[in-house]
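Encoded as structure tokens, the structure appears first; notes follow it.
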Amino acid sequence: MKLRLINLLSVMMILSAVLFQGTCTGGEIKHIKTSYGEQQSASGKILVAYASLAGSTAEVADFIGRILSDNGAVVDVKPLKEVGDPAGYSAVVLGSAIRRGKVLQEVMDFIKANKPKLENIPVSYFIVCMTLKEKSEENYKKADAYLDPLRAEIKPVDSGLFGGKVDFSKLDFMEEMIIKYFIKESEGDYRDWDAIKTWAIELLPKLRQAEKNN
Ligand SMILES: Cc1cc2nc3c(=O)[nH]c(=O)nc-3n(C[C@H](O)[C@H](O)[C@H](O)COP(=O)(O)O)c2cc1C
């Protein structure tokens with residue numbers, strides 16, 4: 001009887017989490033929207049757009065935007081939901097948090113909705129996830145596979161795979177239950193800012209080269 005009740009509660013929690021994914025959040029989340037650099041050069045503007053539920057991917061996107069700009073690019077950093085259309089950008093960097101083994105649905109929706117435009121400009125992906133809390137070869141393989149559905153739509157110039165952050169105060173009730181009791185993850189920040197910086201610095205010439213080739 002007790003076991004049945006626990007099973008029923010588990011099913012209810014999962015159902016609610018699936019139904020309400022992304023509709024309610026815990027603490028205040030920063031939706032970063034900013035621009036870096038001044039449009040002087042002939043090189044076009046780069047869009048860094050992100051999908052984030054608890055804010056850690058937004059901070060990574062902002063950091064990537066700043067590094068690209070420090071290295072000469074003009075960059076807009078925006079939540080993906082506010083982008084609508086990538087027209088006017090010379091390259092797009094798309095970032096997503098990972099939830100239950102997948103990138104957030106809005107990333108795939110954006111790619112499908114804008115596929116013809118994205119086919120004509122360089123695109124790069126990055127993900128932020130707890131799989132890379134430990135940087136083993138096996139974990140990189142697993143994290144890399146999260147991007148396969150996106151790659152099947154648009155082949156990226158490069159993919160950044162980064163460790164993430166869990167902060168219970170930023171999660172809604174259901175997400176907190178899932179991460180605590182199903183995924184059994186504790187709080188921690190595993191974002192490696194040096195690795196993210198290196199990736200962003202190396203990404204810029206790849207995007208510029210791909211722009212020329214298009
Ligand atoms: C409910 C929930 C499910 C998650 N599922 C996964 C997962 O399947 N794989 C993974 O690597 N990380 C998973 N994570 C970790 C997040 O990807 C990580 O905390 C990331 O930094 C969150 O990004 P955000 O703060 O931008 O939402 C999960 C986190 C939560 C809260």
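Numbering of ligands and ligand atoms starts at 1, following listing order. Sequential numbering from 1 along the given sequence is applied to the chain's residues.
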N or O pair under 3.5 Å between I183 and ligand 1: no
L53 N/O under 3.5 Å from ligand 1 N/O: yes
Are L104 and M108 linked, directly or through other ILVMFWY residues, by side chains that come within less than 4.5 angstrom of each other? no
Counting each atom of ligand 1 from 1 as listed, which ones have a heavy atom of A97 under 4.0 Å away? 22 (C), 23 (O), 24 (P), 26 (O), 27 (O)
for atom 25 (O) of ligand 1, nearest protein heavy atom and its distance come out as S56 OG, 2.6 Å
T131 and Y146 side chains, donor-acceptor separation under 3.5 Å: yes
Sub-4.0 Å heavy-atom contact, Y146 with ligand 1: yes
G55: numbered ligand 1 atoms lying under 4.0 Å from its heavy atoms: 24 (P), 25 (O), 26 (O)
Within 45 degrees of the ring normal and closer than 6.0 Å to the centroid, is that where the cationic atom of K78 sits relative to Y50? no
Contact check: A54 vs ligand 1, nitrogen or oxygen atoms, below 3.5 angstrom: yes
Does V128 reach the side chain of I98, with side-chain heavy atoms less than 4.5 Å apart? no
of all protein heavy atoms, closest to atom 14 (N) of ligand 1 is I98 O, 3.3 Å
For ligand 1, which atoms have a heavy atom of T131 less than 4.0 angstrom away? 9 (N), 10 (C), 11 (O)
Does L161 reach the side chain of W199, with side-chain heavy atoms less than 4.5 Å apart? no
Between R151 and S159, do the side chains contain an N or O donor and an N or O acceptor separated by less than 3.5 Å? yes
Please could you name the atoms of ligand 1 that V128 approaches to less than 4.0 Å, counting only its heavy atoms? 17 (O), 20 (C), 21 (O)
Ligand 1 atoms nearer than 4.0 angstrom to some heavy atom of L171 are 31 (C)
K170/E175 ion pair, N-O < 4.0 Å: no
Counting only heavy atoms, tell me which of I127, I179, I178 gets closest to atom 30 (C) of ligand 1. I179
Show the atoms of ligand 1 that are less than 4.0 angstrom away from any heavy atom in C129. 10 (C), 11 (O), 12 (N), 17 (O)
Quick check: do D172 and L53 have side-chain heavy atoms less than 4.5 Å from each other? no
When you measure from atom 22 (C) of ligand 1 to every protein heavy atom, which one gives the shortest distance, and what is it? R99 NH1, 3.3 Å
Below 4.5 Å, heavy atoms only, C-beta onward: do K165 and E187 meet side chain to side chain? no
Donor + acceptor pair across side chains of D76, Y89 (<3.5 Å): yes
Nearest non-hydrogen protein atom to atom 15 (C) of ligand 1, with distance, is M130 CG, 3.4 Å
Heavy-atom distance under 4.5 Å between the side chains of L132 and Y140, does that happen here? yes
Here the atoms of ligand 1 under 4.0 Å from any heavy atom belonging to G101 are 7 (C), 8 (O)
Starting from atom 5 (N) of ligand 1, locate the nearest protein heavy atom and write down its residue, its atom name and how far away it is, to 0.1 Å. R100 N, 2.9 Å
For F126 and F162, take the angle between the two ring planes, folded into 0 to 90°, and tell me which bin it lands in: parallel under 30, tilted 30 to 60, perpendicular over 60. tilted
Check L132 against ligand 1 and report side chain, backbone, both or neither, counting heavy atoms closer than 4.0 Å. neither
Do me a favour and list the nearest non-hydrogen protein atom to atom 18 (C) of ligand 1 with residue, atom name and distance? K165 O, 3.7 Å
Between ligand 1 and V166, is the shortest N or O to N or O distance under 3.5 Å? no
May I ask you to list the atoms of ligand 1 that are less than 4.0 angstrom from any heavy atom of G164? 21 (O)
Does any non-hydrogen side-chain atom of I111 lie less than 4.5 Å from one of Y125? yes
